[in-house]
Amino acid sequence: MDQYEMMTENPEETGAFAERLAQYLQPGDVITLEGDLGAGKTTFTKGLAKGLGVKRTVNSPTFTIIKEYKGRLPFYHMDVYRLDDSFEDLGFDEYFEGEGVTVVEWAHLIKDQLPGELLNLSIYREGDTTRRIVLKPYGQRYNELCKEIVS
């Protein structure tokens with residue numbers, strides 16, 4: 001599996017990278033986000049939403065699990081941090097196989113329910129504002145996508 005890395009120097013660069021990525025996204029695309037609290041997952045997600053033409057304010061769906069937004073494609077933002085092992089089937093596959101783009105924060109918590117092909121992003125703090133973003137594509141489409149946006 002290929003892996004791609006890039007650095008951003010501030011939140012604006014992180015958002016701009018996500019906004020650029022959004023231009024290449026298609027219906028059914030799934031992006032998973034990992035990173036410590038405050039690493040920049042929500043900053044990335046806001047940039048992605050902006051790039052998808054979402055006009056509403058985007059914030060973390062911590063207590064609602066899933067927020068839906070309208071843009072050039074439907075945008076589904078999931079934060080599964082607060083799910084426990086006893087959760088019932090919440091219909092994640094309907095989002096993953098739907099007409100929109102899905103972003104899942106803390107995706108390792110629902111690993112068994114994720115599709116086989118997706119783009120995983122891990123965001124690491126390298127300083128006060130500097131972030132290292134590691135992209136791991138699962139599937140040929142996502143590998144080609146990474147080559148396009150990281151080059």
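Please read all numbers here as calculations on a predicted model, not as lab measurements.
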Participant: Assigning hydrophobic clusters by single linkage (Ile, Leu, Val, Met, Phe, Trp, Tyr; side-chain heavy-atom cutoff under 4.5 Å), is Y76 placed with V58?
Facilitator: no
Participant: Which class fits the ring pair W106 and H108: parallel under 30°, tilted 30 to 60°, perpendicular over 60°?
Facilitator: perpendicular
Participant: Kindly say whether P11 contributes a backbone atom to a donor-acceptor pair with the side chain of R131 at under 3.5 angstrom?
Facilitator: no
Participant: What are the two closest heavy atoms between T130 and E9, and how far apart are they?
Facilitator: OG1-OE1, 3.2 Å
Participant: Look up atom CG in D79 and atom NZ in K67, then write down how far apart they are to the nearest 0.5 Å.
Facilitator: 10.0 Å
Participant: What distance do L114 atom CG and L109 atom CG have between them, rounded to the nearest 0.5 Å?
Facilitator: 10.0 Å
Participant: Just how far is it from atom NZ of K55 to atom NZ of K70, taken to the nearest 0.5 Å?
Facilitator: 14.5 Å
Participant: Hey, does the side chain of T32 reach the backbone of V104 with a donor-acceptor pair shorter than 3.5 angstrom?
Facilitator: no
Participant: Same cluster for I66 and L118 if Ile/Leu/Val/Met/Phe/Trp/Tyr side chains link at under 4.5 Å?
Facilitator: yes
Participant: Identify, with sequence neighbours excluded, every residue that meets salt bridge (Lys or Arg N to Asp or Glu O under 4.0 Å) alongside E148.
Facilitator: none
Participant: How close do R132 and M7 get, heavy atom to heavy atom, and via which atoms?
Facilitator: CB-SD, 3.5 Å
Participant: Before you tell me yes or no, could you show the steps for K147 and E144 under salt bridge (Lys or Arg N to Asp or Glu O under 4.0 Å), namely the whole-Å CA-CA distance, both residues' side-chain angles and the distance that decides it to 0.1 Å?
Facilitator: CA-CA 5 Å; K147 288 178 186 175; E144 295 300 321; 3.6 Å; yes
Participant: Taking all non-hydrogen atoms of both residues into account, name the closest pair between A18 and G47 and its distance.
Facilitator: CB-C, 3.8 Å
Participant: Any idea which heavy atoms bring L73 and P27 closest together, and the distance?
Facilitator: CD2-CG, 3.7 Å
Participant: Would you confirm whether Q23, through its side chain, and G51, through its main-chain N or O, come within 3.5 Å as a donor-acceptor pair?
Facilitator: yes
Participant: Among all residues two or more places apart in sequence or in another chain, which pass the salt bridge (Lys or Arg N to Asp or Glu O under 4.0 Å) test with R20?
Facilitator: none
Participant: Verify the cluster assignment for F17 and L52: are they in a single hydrophobic cluster under the rule of side-chain heavy atoms below 4.5 Å apart?
Facilitator: yes
Participant: Using every non-hydrogen atom in the two residues, find where L135 and I133 come nearest and quote the distance to one decimal.
Facilitator: CD1-O, 3.8 Å
Participant: Does L21 form a side chain to side chain contact (heavy atoms under 4.5 Å, CB included) with L145? I'd like the steps, not just the answer.
Facilitator: CA-CA 8 Å; L21 170 61; L145 178 65; 3.8 Å; yes
Participant: Same cluster or not: are F75 and F96 linked, directly or through other Ile, Leu, Val, Met, Phe, Trp or Tyr residues, by side-chain heavy atoms under 4.5 angstrom apart?
Facilitator: no
Participant: Under the salt bridge (Lys or Arg N to Asp or Glu O under 4.0 Å) test, which residues partner E19, sequence neighbours left out?
Facilitator: K50
Participant: Is there a donor-acceptor pair under 3.5 Å between the side chain of E99 and the backbone N or O of P74?
Facilitator: no
Participant: Roughly how far apart are L121 CG and K136 NZ, rounded to 0.5 Å?
Facilitator: 10.5 Å
Participant: Go through the steps for T129 and E13 under the test side chain to side chain contact (heavy atoms under 4.5 Å, CB included), then give the verdict.
Facilitator: CA-CA 10 Å; T129 60; E13 282 187 16; over 6 Å; no
Participant: Between the side chain of Y142 and the main-chain N/O of V30, is any donor-acceptor distance below 3.5 Å?
Facilitator: yes
Participant: Work out which heavy atom in Q26 is nearest to a heavy atom in V101; give both atom names and the distance.
Facilitator: O-CG2, 3.7 Å
Participant: Any side-chain to backbone donor/acceptor pair from K46 onto G15? Under 3.5 Å, distance only.
Facilitator: no
Participant: Starting from L33, can I reach I110 by hopping between I/L/V/M/F/W/Y residues whose side chains sit under 4.5 Å apart?
Facilitator: no
Participant: Say whether, by atom type as modelled, one donor and one acceptor occur between the side chain of R125 and the main chain of G40 under 3.5 angstrom.
Facilitator: no
Participant: Please evaluate residues L119 and D29 with respect to the criterion side chain to side chain contact (heavy atoms under 4.5 Å, CB included), reporting the C-alpha separation (whole Å), side-chain torsions for both, the decisive distance (0.1 Å), and the verdict.
Facilitator: CA-CA 8 Å; L119 177 58; D29 280 346; over 6 Å; no
Participant: Any side-chain heavy-atom pair from I123 and T43 closer than 4.5 angstrom?
Facilitator: no
Participant: Which is it for H77 and E105 under the side chain to side chain contact (heavy atoms under 4.5 Å, CB included) test, yes or no, and what are the steps along the way?
Facilitator: CA-CA 8 Å; H77 182 196; E105 294 187 38; 2.6 Å; yes
